[in-house]
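What's counted below: heavy atoms across the whole structure, side chains too, no hydrogens, waters or symmetry copies.
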Amino acid sequence: MFRKWLALLVSAAVVAAVGAVAAGPAGATAQRPTAPYDSILKTSIRDIQDFWSEQLPAVYGARYETLPQSHIHAYTSRTEMSSITECAGGGATYKDFKHNAFHCPLDMTVNYDNQDLFPGLYKKFGAFTLAQVLSHEWGHVIQTQTGTEFPATVLSETQADCFAGAWVEHVDSGDSKLLKLDPGDLDKGLAGMLEFSDPIGGDPTNKGAHGSGFDRVNAFQQGIEGGVARCAQWTENPPLIVELPFTSALDVAQGGNLPFRDVVPTTKQDLDLYWGQFTFGGEPYQSVSDVVSYNPKDKGSLPNCSGFKASDYKDSIFYCQDEDFVAYDRNLVRGVYGEFGDFAVSVLVGNAWASAMQARLDIAGDNKTIGLQADCLTGAWVGSVPVDQEGTVQARGQLETREASFSLSPGDLDEVVQSFLVFADPVEAKKASRGTAFERMEAFRLGFFQDEQACLALTGS
């Protein structure tokens, strides 16, 4: 069920995911399109190159060297790879580059698999993700033209994600004369990044590491927020890479997950430890009165919450203010655990807990603002969770200690992204109630990398 929800989210509006004029880049040879996205790709490439023609001089003080059309190659299994790029030396074939897109610094080419990769991405995520992949590869072009080098591959890849975010913001803000984003494109972009993140438990120091899904989304959103100027700081002020490798055979066997029966009790215990550090209007912390589960098909199991109809309980996890309890659809929670993992469940519980804390602080506002603040407060809690059993917290780039009930495991932060992709306002929603997945991740990151005070400022609390 949950896989179906995610598929519906990312496949919406596939046929016009990026609006574009039909004109191709200067110097392009006229040919009949071989794929439904060809025209959009040509326009995206033109826009990306126009973007860097302005940004490279402005930020780096260097002239951008435009890539001619002859240096941009769509390849298939029928392509002689050595004929299109010097990076295909030594008898490399299509199989060596299948499901890949890459920049070759030896001959300044950009190459992409147009048989397996791009058709598959287009079918699953739409045309915007194809343009985003190309904008990432152009990030590597910029690294080559500026002579930028990194001690670790993951920093090179995340900077390219940052550059991609800067270009996307240029389109989203209306600065592009050629392209525009459709509703939901940013969420599809986040979903696409999970497709190309490192496997859970990967070591970020390994050659070829791209970063976890959370790392890549963080870099992409930093580009959107700070533009090329922020991305250019990567060499002196890189982001914290939070990708976690497995440290034991048991962790590998369990996939970093707690047994299902332990997830909610352990999460509740840790939330009490975290929120117990604070006072609320001068009063000491008080935990919620209860955490209850129910089966929405069994009306007798439904907890009584003022204003709730029977239909409101299905696929829901919520804080009931009048009765001061957190309740959840046990079928929903079990499905989330099976599809994504233990921390996706913990984040949902933590989000409801944040709503309880907002109630204790008498925070008021519109539903979307309050919801995004709860996401931010959830991020502040997650940012304090230890990354090892000794209680060392590295999420905010400094060492902190607190008593904790569990530690972050490989893949936990990617589960946060997956959870927000599913539990966000749908593209067709006429009234925002929670925020898009992109907005929810922005709020979560604010709390994760800063603290609860940054979250309270969202409502002037």
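- Ring planes of F444 and F420: perpendicular class, angle over 60° (limits at 30 and 60°).
- No donor-acceptor pair closer than 3.5 Å links the side chain of E452 to the backbone N or O of A380.
- In this structure the side chain of D412 never reaches within 4.5 angstrom of the side chain of V347, judged on heavy atoms.
- Using a 4.5 Å heavy-atom cutoff, the side chains of V422 and Q418 are not in contact.
- Residues satisfying the side chain to side chain donor-acceptor pair (under 3.5 Å) test with S289, not counting sequence neighbours, are none.
- Formation of a donor-acceptor pair under 3.5 Å by the D187 side chain with backbone atoms of F438 is found in this model.
- Partners of D322 under the side chain to side chain contact (heavy atoms under 4.5 Å, CB included) rule, at least two apart in sequence or in another chain, are S306.
- In plain terms, the two heavy atoms of W167 and S135 that are nearest each other are CE3-CB, 3.5 Å.
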> What do the steps show when you test E439 against K368 for side chain to side chain contact (heavy atoms under 4.5 Å, CB included), and what is the final call?
Replying inline: CA-CA 10 Å; E439 291 170 327; K368 181 178 177 179; 2.9 Å; yes

> Between V264 and Y328, does a side chain to side chain contact (heavy atoms under 4.5 Å, CB included) hold up when you go through it step by step?
Replying inline: CA-CA 10 Å; V264 173; Y328 60 89; 4.0 Å; yes

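- Atoms NE2 and CZ, on H136 and F220 in that order, are 12.0 Å from each other to the nearest 0.5 Å.
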>> Working note: S346 + V263, criterion side chain to side chain contact (heavy atoms under 4.5 Å, CB included); need CA distance, chi angles, decisive distance, verdict.
In response: CA-CA 7 Å; S346 293; V263 176; 3.8 Å; yes

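- The CG atom of L421 lies 12.0 Å from the CE atom of M193; values are rounded to the nearest 0.5 Å.
- With no hydrogens or angles considered, no side-chain donor-acceptor pair links N100 and Y112 at under 3.5 Å.
- Aromatic ring pairs are classed by plane angle as parallel below 30°, tilted from 30° to 60° and perpendicular above 60°; the pair F118 and Y37 is perpendicular.
- When the options V217, T436, T129 are evaluated for a side-chain contact (heavy atoms from CB on, under 4.5 Å) with L190, the one that passes is V217.
- What you find for N257 and G341 is that their closest heavy atoms are OD1-CA, 3.6 Å.
- D215 places no side-chain N or O within donor-acceptor distance of the main-chain N or O of I241, the cut-off being under 3.5 Å.
- Interatomic distance, CD1 of I48 versus NE2 of H170, reported as 9.0 Å (0.5 Å rounding).
- No donor-acceptor pair under 3.5 Å is formed between the side chain of E169 and the backbone N or O of A166.
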>> R440 vs F423, test: side chain to side chain contact (heavy atoms under 4.5 Å, CB included). Steps then yes/no.
In response: CA-CA 9 Å; R440 298 193 71 185; F423 297 98; 3.8 Å; yes

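- Atom CD of residue E442 and atom SG of residue C376 lie 11.5 Å apart, to the nearest 0.5 angstrom.
- Under the rule for a side chain to side chain contact (heavy atoms under 4.5 Å, CB included), the partners of D116 that lie at least two apart in sequence or sit in another chain are Y94, K98, H99, D113.
- How far CG of L361 is from CD of E283: 11.5 Å, rounded to the nearest 0.5 Å.
- When atom types are taken as modelled, the side chain of T43 and the backbone of S39 share a donor-acceptor pair closer than 3.5 angstrom.
- The number of heavy-atom neighbours closer than 6.0 Å to CD of E225, taken from other residues, nucleotides and ligands shown, is above 12.
- Side chains of N295 and S301: no donor on one and acceptor on the other come within 3.5 Å.
- Here the side chains of L456 and Q373 are in contact, with some heavy-atom distance below 4.5 Å.
- A heavy-atom distance below 4.5 Å is found between the side chains of D270 and W381.
- In this structure, the side chain to side chain contact (heavy atoms under 4.5 Å, CB included) partners of A454, at least two apart in sequence or on a different chain, are L446, Q450, D451.
- Across all their heavy atoms, D47 and K177 have their closest contact at OD1-N, 4.3 Å.
- Note that CZ of F343 and OG of S409 are 9.0 Å apart. Values are rounded to the nearest 0.5 Å.
- Evaluation of the side chain to side chain contact (heavy atoms under 4.5 Å, CB included) rule for S287 yields K268, D272, Y285, W353 as partners, not counting sequence neighbours.
- The shortest side-chain heavy-atom distance between Y313 and D329 does not fall under the 4.5 Å cut-off.
- Checking H140 against E157 by side-chain atom types alone, a donor-acceptor pair falls below 3.5 Å.
- Note on ring orientation: taking the six-membered ring where Trp is involved, the planes of Y294 and F318 are tilted (angle from 30° to 60°).
- Residue pairs meeting the disulfide bond (SG atoms under 2.5 Å apart) criterion with at least one partner in residues 269-356, sequence neighbours excluded, are C305-C320.
- Contact between K188 and F125 at its shortest, heavy atoms only, is CD-O, 2.9 Å.
- Taking 4.5 Å as the limit, some side-chain heavy atom of V382 sits within range of a side-chain heavy atom of L413.
- Contact check on D414 versus R216 returns no salt bridge, with no Lys/Arg side-chain nitrogen under 4.0 Å from an Asp/Glu carboxylate oxygen.
- Side chains of D161 and H210: no donor on one and acceptor on the other come within 3.5 Å.
- Looking at heavy atoms from C-beta onward, L348 lies out of side-chain contact with V333 at the 4.5 angstrom threshold.
- Smallest separation of non-hydrogen atoms from A127 and Y122: N-CD1, 3.7 Å.
- No side-chain heavy atom of D175 sits under 4.5 Å from any side-chain heavy atom of E54.
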